[in-house]
Colleague: 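Right, I'll just put the structure down here and ask away after.
Basis for what follows: all heavy atoms, side chains included, without hydrogens, waters or symmetry-related copies. Since the structure is predicted, the reported quantities are computational estimates derived from the model, not experimental observations.
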Amino acid sequence: MTPGFRCIMPAMLEYDYVIWDWNGTILDDMWLALDVANGMLRRRGLPEMDAGRYREIFDFPVETYYRRAGFDFSAEPFSALAKEFIGAFNARIRECPLQTRAEEVVHTLQRRGISQVVLSASRETTLRDAVAHYGLHHYFDALHGLHDDLAVSKTQVGIDLIARHGVEPKRAVMVGDTVHDAEVAREMGVDCLLVAAGHHSRARLETTGMPVYDALGELLPET
């Protein structure tokens with residue numbers, strides 16, 4: 001936990017809305033994203049990544065991350081690479097567990113009467129299928145994703161979410177696992193907290209100035 005911050009769940013109970021990221025925050029899928037990307041690199045004779053390097057170069061828009069990983073866009077367009085990745089990733093997505101104690105956290109918030117929505121850079125239809133598969137759909141008032149698989153940014157979707165649901169920004173907090181989540185939260189005008197158990201390293205998350213936690217379980221009240 002970032003020095004100077006105690007368990008945030010008691011403070012979260014003062015909000016009306018919690019806006020959740022999905023991939024890497026609720027769903028533990030970083031390892032699969034790394035495995036699929038390494039398979040693609042290996043087939044092209046390119047150097048593979050370890051988890052440390054992945055967390056340092058992963059970014060939004062993901063096209064930037066593909067370049068950093070070593071893919072050659074002069075040989076293959078990003079759209080073709082993204083299609084290959086998404087096909088392989090989605091074929092194995094059900095191998096991914098939820099983050100430890102994820103359901104316990106969202107259940108606790110629901111029991112306290114706090115509205116919860118998901119804001120994801122995944123294709124919205126894919127997001128809906130995944131949330132339903134893990135049996136979490138009844139915890140969320142709405143699920144918001146993108147209309148394609150290019151994962152450019154979810155900022156505008158987040159801004160529209162605030163307007164569509166009539167959310168008072170000062171009464172909302174976003175929970176995510178990447179620097180982009182902090183950027184989106186700022187654009188929405190909501191508070192943010194970050195969990196270093198997904199796609200970005202703790203060091204990168206700490207550059208945002210937001211409180212950073214090591215695991216979702218730290219969001220539960222101390223007993």
Side-chain angles (χ1 to χ4, degrees), residues 1-34 50-52 54-56 58-60 95-122 127 130-131 134-141 143 154 158 167 169-186 188-223:
M1 189 182 302
T2 303
F5 291 94
R6 288 181 54 76
C7 178
I8 200 166
M9 177 60 84
M12 287 180 73
L13 299 180
E14 299 175 4
Y15 290 97
D16 296 325
Y17 290 87
V18 175
I19 303 165
W20 290 98
D21 172 59
W22 176 254
N23 299 91
T25 301
I26 293 178
L27 186 66
D28 180 9
D29 66 351
M30 186 284 293
W31 65 273
L32 177 58
L34 175 61
D50 62 16
Y54 172 87
R55 286 189 167 106
E56 290 305 318
F58 180 76
D59 219 334
F60 290 93
E95 296 177 23
C96 296
L98 297 175
Q99 292 284 10
T100 303
R101 301 180 75 184
E103 185 166 8
E104 187 179 354
V105 174
V106 295
H107 174 73
T108 298
L109 291 171
Q110 184 189 63
R111 185 162 47 84
R112 300 295 184 95
I114 296 172
S115 295
Q116 301 177 83
V117 300
V118 175
L119 172 61
S120 174
S122 296
L127 172 66
V131 174
Y134 290 97
L136 300 182
H137 53 284
H138 60 285
Y139 291 113
F140 303 114
D141 295 339
L143 305 173
K154 58 186 179 183
V167 176
K170 292 182 179 180
R171 303 294 302 161
V173 62
M174 182 164 184
V175 184
D177 70 306
T178 68
V179 170
H180 185 55
D181 290 314
E183 294 168 346
V184 173
R186 286 194 180 98
M188 291 191 294
V190 305
D191 290 341
C192 181
L193 65 91
L194 300 167
V195 182
H199 293 267
H200 276 177
S201 67
R202 167 177 274 278
R204 289 187 71 186
L205 297 180
E206 288 177 343
T207 66
T208 67
M210 304 296 184
V212 180
Y213 296 81
D214 290 320
L216 281 184
E218 292 183 4
L219 307 186
L220 291 172
E222 298 174 353
T223 56

Colleague: Would Met188 and Leu119 count as a side chain to side chain contact (heavy atoms under 4.5 Å, CB included) here? Give the steps.
Modeller: CA-CA 12 Å; Met188 291 191 294; Leu119 172 61; 4.1 Å; yes
Colleague: Can you name the closest pair of heavy atoms from Ala172 and Ile19 and give their distance?
Modeller: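 For Ala172 and Ile19, the tightest heavy-atom pair comes out as CB-CD1, 4.4 Å.
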Colleague: Checking side-chain contact (heavy atoms from CB on, under 4.5 Å) against Val195, which of Val175, Asp214, Thr178 comes through?
Modeller: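 Testing Val195 for a side-chain contact (heavy atoms from CB on, under 4.5 Å) against Val175, Asp214, Thr178 leaves exactly one candidate, Val175.
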Colleague: So, does Arg204 use its side chain to make a donor-acceptor pair with the main chain of Arg55 at under 3.5 Å?
Modeller: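 Yes.
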Colleague: Do the rings of His199 and Phe58 sit parallel, tilted or perpendicular, given the 30° and 60° boundaries?
Modeller: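 Aromatic pair His199/Phe58 classed tilted.
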Colleague: Looking at Lys170 and Asp191, does any basic side-chain N land under 4.0 Å from a carboxylate oxygen?
Modeller: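 Looking at Asp191 together with Lys170, the answer is no, because their closest N to O distance does not fall below 4.0 Å.
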Colleague: Do Thr25 and Gln99 get their side chains close enough for a donor-acceptor pair, meaning under 3.5 Å?
Modeller: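 No, no side-chain donor-acceptor contact under 3.5 Å.
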Colleague: With rounding to the nearest 0.5 Å, note down the distance linking CE in Met174 to CE in Met210.
Modeller: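 Reported value, rounded in 0.5 Å steps: 10.5 Å.
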Colleague: Below 4.5 Å, heavy atoms only, C-beta onward: do Trp20 and Asp181 meet side chain to side chain?
Modeller: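 Contact flag for Trp20/Asp181 side chains = no.
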Colleague: How long is the gap from CG on Asp28 to OG1 on Thr100, to the nearest 0.5 Å?
Modeller: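 Going from CG on Asp28 over to OG1 on Thr100, the span is 7.0 Å.
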Colleague: Is there side-chain contact between Leu136 and Trp22, with at least one heavy-atom pair below 4.5 Å?
Modeller: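 Yes. Closest side-chain heavy atoms under 4.5 Å.
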Colleague: Which atom pair, heavy atoms only, marks the closest approach of Ala121 to Phe60?
Modeller: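 Where Ala121 meets Phe60 most closely, the heavy atoms are CB-CE2, 3.7 Å.
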Colleague: Within the distance-only criterion (no hydrogens, no angle test), does the side chain of Arg186 pair as donor or acceptor with the backbone N or O of Cys192 below 3.5 angstrom?
Modeller: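 Flag not set: sc Arg186 to bb Cys192 has no pair under 3.5 Å.
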Colleague: Hey, could you give me the NE2/CD distance between His138 and Gln110, rounded to the nearest 0.5 Å?
Modeller: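 Between atom NE2 of His138 and atom CD of Gln110 there are 6.0 Å.
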Colleague: Nearest 0.5 Å, please: how far is CZ in Arg202 from OG1 in Thr207?
Modeller: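 Going from OG1 on Thr207 over to CZ on Arg202, the span is 12.0 Å.
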Colleague: For Gln116 and Tyr17, indicate whether the former's side chain and the latter's backbone hold a donor-acceptor pair under 3.5 Å.
Modeller: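 No, because the side chain of Gln116 does not come within donor-acceptor range (under 3.5 Å) of the backbone of Tyr17.
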Colleague: Are a donor atom and an acceptor atom from the side chains of Ser120 and Asp21 found within less than 3.5 Å of each other?
Modeller: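 The answer is no; no qualifying pair exists.
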Colleague: Do Val118 and Leu127 come close enough that some side-chain heavy atom pair is under 4.5 Å?
Modeller: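 Yes - at least one pair of side-chain heavy atoms lies under 4.5 Å apart.
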Colleague: Roughly how far, to the nearest 0.5 Å, is the CG atom of Asp177 from the NE2 atom of His180?
Modeller: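 One gets 11.0 Å once the value is rounded to the nearest 0.5 Å.
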Colleague: To the closest 0.5 Å, what do you measure between CG (Leu34) and CG (Asp29)?
Modeller: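 The distance works out to 11.5 Å.
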Colleague: Counting N and O atoms only, with roles assigned by atom type, does the side chain of Lys154 sit under 3.5 Å from a partner on the main chain of Val184, one being a donor and the other an acceptor?
Modeller: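 It does not hold such a pair.
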Colleague: So, do Asn23 and Ser122 sit near enough that their side-chain heavy atoms are less than 4.5 Å apart?
Modeller: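 Result yes, sub-4.5 Å side-chain heavy-atom pair found.
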Colleague: Donor-acceptor pair, His200 side chain versus Leu205 backbone, under 3.5 Å?
Modeller: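 No, the answer is negative, given that no donor and acceptor are paired below the 3.5 Å cut-off.
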Colleague: Is it the case that the side chains of Glu103 and Tyr134 hold a donor-acceptor pair, with the cut-off being a distance below 3.5 Å and no angle test?
Modeller: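 No, no side-chain donor-acceptor contact under 3.5 Å.
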Colleague: Please evaluate residues Asp16 and Ser115 with respect to the criterion side chain to side chain donor-acceptor pair (under 3.5 Å), reporting the C-alpha separation (whole Å), side-chain torsions for both, the decisive distance (0.1 Å), and the verdict.
Modeller: CA-CA 6 Å; Asp16 296 325; Ser115 295; over 6 Å; no
Colleague: Let me see the working for Val173 and Val190 under side chain to side chain contact (heavy atoms under 4.5 Å, CB included), right down to the final yes or no.
Modeller: CA-CA 5 Å; Val173 62; Val190 305; 6.0 Å; no
